[in-house]
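Note that these values count all heavy atoms, side chains included, but never hydrogens, waters or copies made by symmetry. Residue numbers count from 1 along this sequence.
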Amino acid sequence: MNRPILRRVRRFVHDVTQMPLRDITPETSLYLDLQMDLESAQRFFARFATAFQVDLANLDLTPYFTSQPHLVHDGFAGAAFALFLTVDRHRRAGVKPFVVADLVALLKE
């Protein structure tokens, strides 16, 4: 993963959400960890597109966000289970994962 881009994306996420920078990792979920619903995600991605000068007009957010934020926290999990739990938590919430690493990937396309 491109570290300079990741740093810029993490800083952007922090600036927009006020989540502590130390808590924003490539695996941070916009839906589960940042508790974005579809409406807040649309605003976030509009700001992201402007800040990074990327065209996201064709990005469909509906598979990744619902009209209500996910407010249930599954508690702390060890690093070995982080990816599994992220996918499982999204599955149980009925959405696909969209994580900070996916934001970085949007900038590489």
Side-chain angles (χ1 to χ4, degrees):
M1 181 171 300
N2 186 315
R3 290 199 181 276
I5 292 175
L6 176 60
R7 275 195 298 275
R8 288 179 54 215
V9 168
R10 288 180 64 235
R11 173 57 64 183
F12 174 83
V13 171
H14 164 75
D15 291 346
V16 172
T17 66
Q18 300 305 304
M19 181 177 216
L21 197 55
R22 69 181 173 277
D23 295 337
I24 302 169
T25 69
E27 295 81 25
T28 299
S29 166
L30 278 64
Y31 179 70
L32 296 174
D33 300 319
L34 301 178
Q35 299 181 353
M36 288 186 193
D37 60 14
L38 183 57
E39 186 177 326
S40 62
Q42 290 167 335
R43 289 191 305 268
F44 175 88
F45 278 90
R47 289 180 70 178
F48 184 86
T50 299
F52 290 96
Q53 299 179 348
V54 60
D55 181 9
L56 300 178
N58 294 323
L59 180 62
D60 180 11
L61 298 175
T62 57
Y64 308 101
F65 301 93
T66 67
S67 60
Q68 298 294 319
H70 182 74
L71 300 176
V72 177
H73 189 330
D74 288 336
F76 177 77
F81 297 106
L83 180 59
F84 167 76
L85 289 179
T86 297
V87 172
D88 185 58
R89 289 169 56 210
H90 283 90
R91 183 187 53 76
R92 286 186 283 136
V95 296
K96 292 181 180 181
F98 203 108
V99 297
V100 168
D102 296 321
L103 294 171
V104 172
L106 289 174
L107 300 177
K108 292 180 178 181
E109 294 177 0

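Between S40 atom OG and F45 atom CZ the span is 10.0 Å, to the nearest 0.5 Å. With values rounded to the nearest 0.5 angstrom, F98 atom CZ is found 12.0 Å from L34 atom CG. A distance of 10.0 Å separates CG of D33 from CD1 of I24, quoted to the nearest 0.5 Å. From D23, atom CG reaches atom NE2 of H14 across 11.0 Å, with rounding to the nearest 0.5 Å. Of the inter-residue distances, the one linking R11 atom CZ with L6 atom CG reads 12.5 Å to the nearest 0.5 angstrom. Here the CZ atom belonging to R10 is positioned 10.0 Å from the CZ atom belonging to R3, to the nearest 0.5 angstrom.
At a threshold of 4.5 Å between non-hydrogen side-chain atoms, the residues D102 and L30 do not count as touching. Y31 is not listed as a side-chain neighbour of M36, based on a closest heavy-atom distance of 4.5 Å or more. Proximity of L107 to N2: side-chain heavy atoms (C-beta onward) are nowhere separated by under 4.5 Å. Counting only heavy atoms from C-beta outward, the side chains of V13 and L103 approach each other to under 4.5 Å. L61 has its side chain within reach of Q42: a pair of non-hydrogen atoms, C-beta onward, lies under 4.5 Å apart.
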Report task. Given side-chain contact (heavy atoms from CB on, under 4.5 Å), test D37 with T66 step by step and report yes or no. Result -> CA-CA 6 Å; D37 60 14; T66 67; 5.6 Å; no

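Evaluation of the ring pair (Phe, Tyr, Trp, His ring centres under 6.0 Å) rule for F12 yields F44, F48, F52 as partners, not counting sequence neighbours. Partners of R43 by salt bridge (Lys or Arg N to Asp or Glu O under 4.0 Å), not counting sequence neighbours, listed by chain and number: E39. In terms of the side chain to side chain contact (heavy atoms under 4.5 Å, CB included) criterion, residue partners of A101 (sequence neighbours excluded) are, by chain and number, M1, P26, V99.
Looking at Q18, its side chain does come within 3.5 Å of a backbone N or O of D15 through a donor-acceptor pair.
Around the CG atom of D60, the shell of radius 6.0 Å holds more than 12 heavy atoms that belong to other residues, nucleotides or ligands.
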